[in-house]
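The figures here come from the full heavy-atom set of this structure, side chains too, leaving out hydrogens, waters and symmetry mates.
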Amino acid sequence: MPSVLCICLSPTIQRTVTFDYLHINSVNRCRQYRQDASGKAVNSARVLNQLEPGCAVAVCPLGKTNAALFMELAEQDKIAVIPVETPGSTRECWTLLDRAQGTTTELVADEPADKYDFSDAQAEMLAEIETNIEKCDAVLIAGSCPKYFSDGLPAVIAKMASDKGKFLLADYCGENLQKTLALCTPAVIKINEEEFCSTFGFDLFITEEQLKNAVAEKSRTLGCIIVVTRGKKSTFAAENGAFVEFNSEKVRAVNTTACGDSFSAGFMHEYLRSHNLAESLAKGTWCAARNAESEVPGSVKAI
């Protein structure tokens, strides 16, 4: 398995709280509670390392106030993390699991950062990424870019990977993806249906047939693979204009957090091995389904 550098600009300390039944406007006592090092690319790194121990490394900017906790949690899950210290705190998220209703509710708390200067941290992070891109075979960039970093930072990192000839999977959307495409084209663009439509200017209420045509045409125009996940519905994908549809796996979901990140990991793991789109969609779908069955965000097996 080729080595993968996972770049997570928005890492998270994820707190998953499980309730037998969650009562709104009431005191609730949880059944189970856990903490995990998280963030989209960190979740993908966890799954990649479960599929192939030692194949993935994550680069993360970590707020110095709680960076030690993040690193401790990452070590417990055997995720190799290259930390770049930033001012303030790493953000925290809470996932509330209601077993009776079978629902997943995620609460995200971004840390206030207006009073800090992040320019030195950004320069250090770019230096770490450039150094470690040299050592890897593939790069995965996933998640949003915090407002305290420079506008278009994901595009700069993507161009760096592209210039080094690395296989690149981009799992982000909107203006950051548009800026990336102005500089380079990732080998794989993986986004969900809403993100695809909003990024490329399609109506959110287009028919399935229209969406299939749009995915195929955008893939042909860009000369890359586009994968559009659609939750419980089938996944649409195209490689250089050749369209493929792959059915989702029906499961009894426990925690749907990080299913997309798990899909990205499975897809990348298989594609780097076989370069086969259909087999890669199958592996991504399998990983997303196993993640949904677990309380652990970004996992295909019990931890």
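Note on Leu22 and Trp94: same hydrophobic cluster, where clusters join Ile, Leu, Val, Met, Phe, Trp and Tyr whose side-chain heavy atoms are under 4.5 Å apart, directly or indirectly. Hydrophobic clustering places Phe202 together with Leu181 (ILVMFWY residues linked when any side-chain heavy atoms are closer than 4.5 Å, directly or through intermediates). No continuous path of hydrophobic side-chain contacts links Leu73 to Val296 [ILVMFWY only; heavy atoms under 4.5 Å]. If you chain together hydrophobic residues whose side chains sit under 4.5 Å apart, Val59 and Leu62 never meet in one group. Hydrophobic cluster membership is shared by Phe246 and Leu169, with clusters built from Ile, Leu, Val, Met, Phe, Trp and Tyr side chains linked at under 4.5 angstrom.
Counting only heavy atoms from C-beta outward, the side chains of Leu277 and Phe267 approach each other to under 4.5 Å. At least one side-chain heavy atom of Val108 sits under 4.5 Å from a side-chain heavy atom of Arg91. Looking only at side-chain heavy atoms (C-beta outward), Leu126 and Leu153 come within less than 4.5 Å of each other. Counting heavy atoms from C-beta on, the side chains of Leu9 and Pro154 come closer than 4.5 Å. Put simply, the side chain of Asp77 does not reach to within 4.5 Å of the side chain of Ser299, judged on heavy atoms. Two residues are said to be in side-chain contact when any heavy atoms from C-beta on lie closer than 4.5 Å; Ile7 and Val139 meet this criterion. Using a 4.5 Å heavy-atom threshold, the side chains of Lys135 and Ser3 count as separate. Put simply, the side chain of Leu272 reaches to within 4.5 Å of the side chain of Val4, judged on heavy atoms.
For the atom pair Thr180 OG1 and Leu168 CG, the distance stands at 8.0 Å (nearest 0.5 Å).
Using a cut-off of 4.0 Å between Lys/Arg side-chain N and Asp/Glu carboxylate O, Glu208 and Arg230 are scored as salt-bridged. Salt bridge Asp151/Lys179: present, at least one basic N to carboxylate O contact under 4.0 Å.
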Checking Glu245 against Ser234 for the side chain to side chain donor-acceptor pair (under 3.5 Å) test, could you report, in this order, the C-alpha distance in whole Å, the side-chain angles of both residues, the deciding distance, and whether it holds? CA-CA 7 Å; Glu245 180 176 2; Ser234 60; 2.6 Å; yes
Might you work through the side-chain contact (heavy atoms from CB on, under 4.5 Å) test for Cys287 and Leu51, ending with a clear yes or no? CA-CA 9 Å; Cys287 288; Leu51 296 172; 4.0 Å; yes
Pair Thr105-Asp98, side-chain contact (heavy atoms from CB on, under 4.5 Å): steps then yes or no: CA-CA 8 Å; Thr105 302; Asp98 185 333; over 6 Å; no
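Ring orientation note: the planes of Phe149 and Phe118 are nearly perpendicular, at an angle over 60° on the 30°/60° scale.
Here the rule is side-chain hydrogen bond (donor to acceptor under 3.5 Å, both in side chains) with Gln14, and of Thr257, Thr95, Asp36, Asn43 only Thr95 fits it. Here the options are Val17, Leu97, Asp20, the test is side-chain contact (heavy atoms from CB on, under 4.5 Å), and the partner is Cys30; only Val17 passes.
The two atoms that bring Leu281 and Phe263 nearest to each other are CD2-CZ, 3.9 Å, heavy atoms only. Contact between Ser280 and Ser274 at its shortest, heavy atoms only, is OG-OG, 4.3 Å. Counting all heavy atoms, side chain and backbone alike, Cys8 lies closest to Pro61 at O-CD, 3.1 Å. Of all non-hydrogen atoms in Thr256 and Thr104, the two that sit nearest each other are N-OG1, 3.4 Å.
Between the side chain of Thr229 and the backbone N or O of Thr235 there is no donor-acceptor pair closer than 3.5 Å. Judged purely by atom type and a 3.5 angstrom limit, Ser198 uses its side chain to pair as donor or acceptor with the backbone of Glu195. Between the side chain of Asn49 and the backbone N or O of Cys55, at least one donor-acceptor pair lies under 3.5 Å.
Other residues, nucleotides and ligands place no more than 12 heavy atoms under 6.0 Å from the CD atom of Glu175. Within 6.0 Å of the CD atom in Gln178, the count of heavy atoms belonging to other residues, nucleotides or ligands exceeds 12. Other residues, nucleotides and ligands place no more than 12 heavy atoms under 6.0 Å from the CD atom of Glu75. Counting non-hydrogen atoms of other residues, nucleotides and ligands closer than 6.0 Å to OH of Tyr33 gives a total above 12.
The ring of Tyr271 has its center closer than 6.0 angstrom to the ring center of Phe167.
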